[in-house]
Amino acid sequence: MLTPASSATKPDPQDLLAWYDHHRRDLPWRARPGVTADPYRVWLSEIMLQQTTVAAVKPYYLKFLERFPTVEALAEAPSEAVMQAWAGLGYYSRARNLHACAKAVVDKHGGRIPGTEAELLKLPGIGAYTAAAVAAIAFNEKAAAVDGNVERVMSRIFMVEEPLPKAKPLIRALTEALVPADRPGDFAQAVMDLGATICTPKRPACALCPWMVPCRARAEGLQETFPRKQKKESGQLRKGAAFVVLRADDTILLRTRPPQGLLGGMAEPPTSAWEPDYEPSRAVLDAPMEARWQRLPGTVKHVFTHFPLELTVLFAKVAKGTPAPEDMRWTPRMTLHEEALPGAMKKVLVHALGELPGAKAKTSGQKQAKSV
DNA sequence: TAGTCGTGGTA
DNA sequence: TTACCAAGACT
């Protein structure tokens with residue numbers, strides 16, 4: 001006789017696909033039901049969606065598709081245009097790798113995005129998840145795309161007690177065993193839709209879940225406690241100074257950060273080093289040029305993934321014709337919105353100059369630079 | 001293997 | 001406010 005535990009039904013991929021056919025999200029990068037999506041669009045969307053919400057990606061995806069309609073167009077574009085189009089989305093190495101990948105596709109694959117998981121994995125910016133997702137969604141290869149959604153769903157269905165990230169190999173194996181040969185792409189998207197709309201991190205809507213019956217965690221009432229994961233501590237506060245220079249011809253002093261590392265390749269007003277024990281009163285010593293520096297009241301705060309940052313802002317006006325220091329440039333205040341400025345640096349400029357001209361007003365009153 | 005890499009939304 | 005989270009990749 002079967003015990004209750006061993007008689008638990010196994011999750012049936014067809015049940016999930018049937019749910020997906022009725023409840024799939026309509027997203028800009030998705031083809032119509034039954035139609036295989038365009039590889040370029042799938043790839044582009046998958047890169048943008050890495051660690052990024054659908055809502056944040058949508059406008060960027062549409063803008064990219066308009067500016068770079070094909071992989072050839074993207075490959076031929078100057079890197080500044082790509083970085084500028086990406087500005088604000090975060091994780092800027094994705095943009096650099098995206099561009100490098102487009103060039104590789106044109107140079108080594110005749111402009112065709114490769115159709116197998118193994119070939120995709122060789123391209124810059126494409127890791128295990130993205131390779132499987134593109135292969136499955138755009139080429140119908142039987143590949144298991146395991147992202148955060150899938151990890152959450154599987155860890156609950158099978159009640160995986162091992163914490164992430166150590167449980168990754170096990171979860172991948174469990175997922176591979178479920179991928180149906182006939183609709184691997186739909187299966188991948190179905191699990192992600194399930195994770196995004198039903199099997200959410202908090203308060204999952206189990207009553208609506210096509211896999212409620214076979215879900216082990218649900219049977220125990222422990223669904224919200226999965227996936228297990230080891231928590232990491234947040235980084236130490238770093239402090240520094242940022243220097244906003246307004247020249248009499250209404251231009252602002254900017255520089256471009258080095259291509260590698262934090263905010264690589266992005267634009268910024270010059271700043272001091274960022275250190276835990278930075279002393280704001282010494283900021284004038286770190287200034288990029290001689291000027292009558294004015295220390296603005298308050299600070300600009302910003303939180304990166306691994307550390308919080310607090311910048312003191314110094315402001316100065318200089319005469320027309322003042323030359324830019326080496327490796328810096330003057331940018332018209334009216335075209336600041338065309339620069340590849342990350343969020344932290346926009347906050348600095350807003351703190352010193354007020355709302356940036358030309359910047360599309362964010363949804364009314366939704367966001368104000370956090371200037372204390 | 002564990003740290004590095006943004007940003008915006010949510011409770 | 002703090003903490004966590006979101007279709008990860010790279011070193």
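Below, read A as the first sequence line, B as the second, and so on, with proteins coming before strands; counting in each chain starts at 1.
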Problem - Leu98(A) CG to dC10(C) P, straight-line distance once rounded to whole Å - result: 12 Å
Fill in the blank from the handout: From CD of Gln50(A) across to C1' of dC10(C) the rounded distance in Å is 11 Å
Handout entry: For atom NZ of Lys347(A) and atom P of dG6(B), their distance in whole Å
Key = 13 Å
Exercise for the section: For Ala128(A), report the nucleic acid contact type (base, sugar-phosphate, nothing); a contact means any heavy atom under 4.0 Å. Expected result: sugar-phosphate
Problem - Integer angstrom distance from the P of dG8(B) to that of dA9(C) - result: 22 Å
Handout entry: side-chain N/O Arg94(A) vs dC10(C) OP1/OP2, d < 4.0 Å
Key = no
Problem - Distance-only polar pair, side chains of Glu46(A) and Tyr129(A), donor-acceptor under 3.5 Å - result: yes
Practice task
Check every strand shown and say whether Ala145(A) touches a base, only sugar-phosphate, or nothing at a heavy-atom separation below 4.0 Å.
Solution key: nothing
Problem - hbond_proxy Thr53(A) side chain to dG9(B) base (donor-acceptor, 3.5 Å cutoff) - result: no
Exercise for the section: Describe the nucleic acid contact of Val150(A) in one word from base, sugar-phosphate, nothing, applying a heavy-atom distance below 4.0 Å. Expected result: nothing
Exercise for the section: Kindly write out the residues that satisfy salt bridge (charged side-chain N to carboxylate O under 4.0 Å, His left out) with Arg30(A), not counting sequence neighbours, or none if the list is empty. Expected result: Asp193(A)
Handout entry: Touch class at under 4.0 angstrom, heavy-atom based, for Leu27(A) against every strand present
Key = base
Practice task
Give a yes/no answer on whether the side chain of His302(A) brings an N or O atom under 4.0 Å of OP1 or OP2 in dT7(B).
Solution key: yes
Problem - Nucleotide dC5(B), atom C1' - distance to CZ of Phe307(A) in whole Å - result: 10 Å
Exercise for the section: Check every strand shown and say whether Gly261(A) touches a base, only sugar-phosphate, or nothing at a heavy-atom separation below 4.0 Å. Expected result: sugar-phosphate
Practice task
Determine the interatomic distance between C1' on dC5(B) and the same-named atom on dA6(C); round to the nearest Å.
Solution key: 15 Å
Problem - Whole-Å distance separating the CD atom of Gln260(A) from the P atom of dT4(B) - result: 16 Å
Problem - Base dG8(B) to side chain Thr52(A), donor-acceptor N/O within 3.5 Å cut-off - result: no
Handout entry: Between C1' of dG8(C) and CD of Glu46(A), the distance in whole Å
Key = 11 Å
Handout entry: Below 4.0 Å: OP1/OP2 of dG8(C) and any side-chain N or O of Gln51(A)
Key = yes
Exercise for the section: State plainly whether one hydrophobic cluster holds both Ile47(A) and Val106(A), where clusters connect Ile, Leu, Val, Met, Phe, Trp and Tyr through side-chain heavy atoms under 4.5 angstrom apart. Expected result: no
Fill in the blank from the handout: Exactly one candidate in Leu311(A), Thr312(A), Val313(A) meets side-chain contact (heavy atoms from CB on, under 4.5 Å) with Thr299(A); the answer is Thr312(A)
Exercise for the section: For Ser45(A), answer base if it contacts any base atom (sugar-phosphate contacts may also be present), sugar-phosphate if it contacts only those atoms, and nothing otherwise; contact means non-hydrogen atoms under 4.0 Å. Expected result: nothing
Practice task
May I ask you to say what Pro124(A) touches in the nucleic acid, namely base, sugar-phosphate or nothing, with a heavy-atom cut-off under 4.0 Å?
Solution key: sugar-phosphate
Problem - Any His306(A) side-chain nitrogen or oxygen under 4.0 Å from OP1 or OP2 of dC5(B) - result: yes
Exercise for the section: Go through residues 68-90 of chain A and report each residue with a non-hydrogen atom lying under 4.0 Å from DNA chain B, sorted by number. Expected result: Gly88(A), Leu89(A), Gly90(A)
Handout entry: P-based separation of dG3(B) from dC4(C) [nearest Å]
Key = 16 Å
Exercise for the section: Using a heavy-atom cut-off of under 4.0 Å over every strand shown, decide if Val303(A) touches base, sugar-phosphate, or nothing. Expected result: base
Practice task
On DNA chain C, check which nucleotide each of Pro201(A) and Gly127(A) is closest to and give me the residue with the more 5' one.
Solution key: Pro201(A)
Practice task
With DNA chain B as reference, determine whether Leu263(A) or Lys202(A) sits nearer its 5' end, using the nearest nucleotide of each.
Solution key: Leu263(A)
Exercise for the section: For the pair Trp293(A) and Phe243(A), name the ring-plane relationship: parallel under 30°, tilted 30 to 60°, perpendicular over 60°. Expected result: perpendicular
Practice task
Compute whether any side-chain donor of one residue and acceptor of the other, for Arg94(A) and Gln51(A), lie under 3.5 angstrom apart.
Solution key: no
Handout entry: Between C1' of dT1(B) and NZ of Lys168(A), the distance in whole Å
Key = 13 Å
Exercise for the section: Output yes when Glu220(A) and Arg216(A) qualify as a salt bridge under the 4.0 Å nitrogen-oxygen rule, no when they do not. Expected result: no
Handout entry: Other residues, nucleotides, ligands: >12 heavy atoms within 6.0 Å of Arg329(A) CZ
Key = yes
Exercise for the section: Respond yes when some side-chain nitrogen or oxygen of Tyr91(A) is under 4.0 Å from OP1 or OP2 of dC10(C), and no when none is. Expected result: no
Exercise for the section: Please tell me which of Ile137(A) and Leu123(A) maps to the more 5' nucleotide of DNA chain C, matching each residue to the nucleotide holding its nearest heavy atom. Expected result: Ile137(A)
Practice task
Could you state the atom-to-atom distance from CD of Glu224(A) to P of dC5(C) in whole Å?
Solution key: 11 Å
Practice task
Identify whether any heavy atom of Arg203(A) sits under 4.0 Å from a base atom; if not, whether one sits that close to sugar-phosphate; answer base, sugar-phosphate or nothing.
Solution key: nothing
Practice task
Could you check whether the rings of Phe304(A) and His302(A) sit parallel, tilted or perpendicular, using 30° and 60° as the cut-offs?
Solution key: perpendicular
